[in-house]
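Worksheet: one structure, shown below.
The first residue of the sequence shown is numbered 1, and numbering continues consecutively from there.
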Amino acid sequence: MKFVLRHWRIFAPILLVVVLVVGWLLYCTFCGYRGSEDWGGESYEHLVYSDVSESDYLNLYLPADAGEDTPLLILVHGGGFISNDCTSTQVRYMYEYFREHGYACASINYRLSGEATYPAAVCDVKAAIRYLRANAETYGLDTEHFVIWGESAGAYLATMAALSNDSEFCDVAFVGEEENPDVSASVYALAEYYGPMEFFNMDADYETLGLPLLIRKLIGTSSNGTTDAADSMESLWVGQAIGTLTEAQEAELSPLTYLEENREELAGMQIYIRHGSFDITIPNLQSQRLADTAADLLGEDQVNYQLMTTYQHADNRFYTEQNMQALESWLDALW
């Protein structure tokens, strides 16, 4: 102790740095929005939207002031296609905020890669959207104002669902489809949070950003740290090693393909994109590429993209009240 006191000029700055770092980490961990369990609205949990799998259900939350034309925010959880469910931390932040601010929220569960590989989860998400549209009158949902949001792997699924048309990925029948065969899975807007867009470009994007392979190994998304590896989360979901994909397969898996093919149908699509500059799980160039392509094909005024400085993957700072308000303001301006 006497040694420390004698050399306080040396230890004081070190202690200050430690305190600041610990404080910053605690803030990043606990800063996500937490709403009230009693928000005054109604909840409908475990609504089965498809009989294909026991995984195919959703939770629906209605705001206290729900009427006959409540806008709907469809939430798709992340988890690398291998884990998590419709009550994930990030999804909970979203529905706890937006159900308190006039939005209905539907959190979708879907088949993970351990149960079914590509394109199962995309088809599940689109079946859920069609189910919600077919039952919109029952729950007072505005079918013209369906917005889909996803984070991480869920952002990929949400983007694929939003940019594909009704002849694509609609192989999973929703409950009630026999009485409503022509229900659309279209959405008015897309919010994409730090998702992978083109699996086959991820390793090259890491290199462009200067992320060492050693760091990628430590993340543990595959045995050798690459997306191309046969045991990467993306490869497990696709059903084969990303590094072995043909050009045709790469095109089929890329949301940008559907953006290009369906750009006339998507002429009014609004897209909101957020990614962290310190994301070492999904390179931010993935979202940048989506933003650039959408701006080129749809128009710069239809794309709202921001690279969030120092944010990490799935950083709770994406879900602070301030950032929630920014998304809410963007959504409100669409109507």
Side-chain angles (χ1 to χ4, degrees), residues 21-22 24-32 55 76-93 109-118 120-122 150-160 192-245 250 253-254 274-290 307-308 310-319:
V21 169
V22 171
W24 181 75
L25 290 174
L26 288 172
Y27 173 74
C28 292
T29 302
F30 298 106
C31 65
S55 301
V76 189
H77 72 81
F81 307 105
I82 64 172
S83 65
N84 248 334
D85 60 23
C86 62
T87 61
S88 71
T89 298
Q90 293 77 20
V91 164
R92 191 171 68 249
Y93 289 148
N109 216 62
Y110 55 83
R111 286 173 288 171
L112 302 174
S113 61
E115 179 179 358
T117 56
Y118 169 88
V122 181
E151 59 95 20
S152 195
Y156 171 84
L157 299 176
T159 303
M160 288 286 277
E192 186 270 301
Y193 277 30
Y194 47 85
M197 294 294 115
E198 294 184 318
F199 308 139
F200 51 90
N201 280 331
M202 287 177 62
D203 288 336
D205 286 346
Y206 284 129
E207 292 181 11
T208 299
L209 294 171
L211 184 66
L213 182 60
L214 176 61
I215 300 298
R216 290 149 60 189
K217 287 182 179 179
L218 292 175
I219 297 171
T221 55
S222 74
S223 58
N224 67 5
T226 69
T227 305
D228 284 352
D231 63 349
S232 73
M233 291 186 289
E234 293 80 8
S235 294
L236 293 174
W237 186 67
V238 171
Q240 72 178 85
I242 297 300
T244 67
L245 295 174
E250 290 177 351
L253 286 162
S254 172
R274 294 293 183 269
H275 210 122
S277 67
F278 282 11
D279 193 331
I280 60 175
T281 304
I282 304 295
N284 59 63
L285 295 180
Q286 295 278 304
S287 287
Q288 180 71 62
R289 194 172 293 116
L290 172 64
L307 182 64
M308 308 299 282
T310 75
Y311 283 31
Q312 305 168 63
H313 191 73
D315 199 312
N316 282 346
R317 288 177 293 171
F318 284 106
Y319 307 99

From [X] atom [atom1] to [Y] atom [atom2], the distance as rounded to the nearest 0.5 Å:
X: Thr89; Y: Asn84; atom1: OG1; atom2: CG; answer: 7.5 Å
X: Ser235; Y: Ile242; atom1: OG; atom2: CD1; answer: 4.0 Å
X: Glu250; Y: Glu198; atom1: CD; atom2: CD; answer: 8.5 Å
X: Leu157; Y: Met160; atom1: CG; atom2: CE; answer: 8.5 Å
X: Leu209; Y: Phe278; atom1: CG; atom2: CZ; answer: 12.0 Å
X: Asn109; Y: Thr87; atom1: CG; atom2: OG1; answer: 8.0 Å

Grab the two heavy atoms, one from [X] and one from [Y], that are nearest each other, plus how far apart they are.
X: Gly80; Y: Ala153; result: N-CB, 3.7 Å
X: Leu213; Y: Asn224; result: CD1-O, 3.5 Å
X: Ser83; Y: His77; result: O-CE1, 3.8 Å
X: Ala314; Y: Glu151; result: CB-OE1, 4.3 Å
X: Val76; Y: Ala158; result: CG2-CB, 4.2 Å

Only one of Asn201, Asp279, Asp205 clears side chain to side chain donor-acceptor pair (under 3.5 Å) with Gln286; which?
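Checked Asn201, Asp279, Asp205 against Gln286; only one passes side chain to side chain donor-acceptor pair (under 3.5 Å): Asp205.
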
Assess, by modelled atom type and distance only, whether the side chains of Ser287 and Arg274 contain a donor and an acceptor separated by less than 3.5 Å.
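Distance-only check fails for Ser287 and Arg274.
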
Donor-acceptor pair, distance only, cut-off 3.5 Å: does the side chain of [X] make one with the backbone of [Y]?
X: Ser232; Y: Thr227; value: yes
X: Ser222; Y: Ala229; value: no
X: Thr208; Y: Ala204; value: yes
X: Ser152; Y: Gly195; value: no

Less than 4.5 Å apart, side chain to side chain, heavy atoms only: is that true for [X] and [Y]?
X: Thr159; Y: Leu290; value: yes
X: Asn316; Y: Tyr93; value: yes
X: Ile282; Y: His275; value: yes
X: Tyr156; Y: Phe81; value: yes
X: Met197; Y: Glu192; value: yes
X: Met202; Y: Pro283; value: yes
X: Ile82; Y: Trp237; value: no
X: Ile280; Y: Gln312; value: no

Evaluate the criterion side-chain hydrogen bond (donor to acceptor under 3.5 Å, both in side chains) for residue pair Glu115 and Ser55; output intermediate values, then yes/no.
CA-CA 9 Å; Glu115 179 179 358; Ser55 301; 2.8 Å; yes

With Tyr311 as reference, evaluate Phe318, Tyr194, Tyr319 under the ring pair (Phe, Tyr, Trp, His ring centres under 6.0 Å) test and give the passing residue.
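Of all the options given, the one that passes is Phe318.
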
Would you sort out whether Arg216 and Thr226 count as a side chain to side chain contact (heavy atoms under 4.5 Å, CB included), showing the intermediate values?
CA-CA 7 Å; Arg216 290 149 60 189; Thr226 69; 4.0 Å; yes

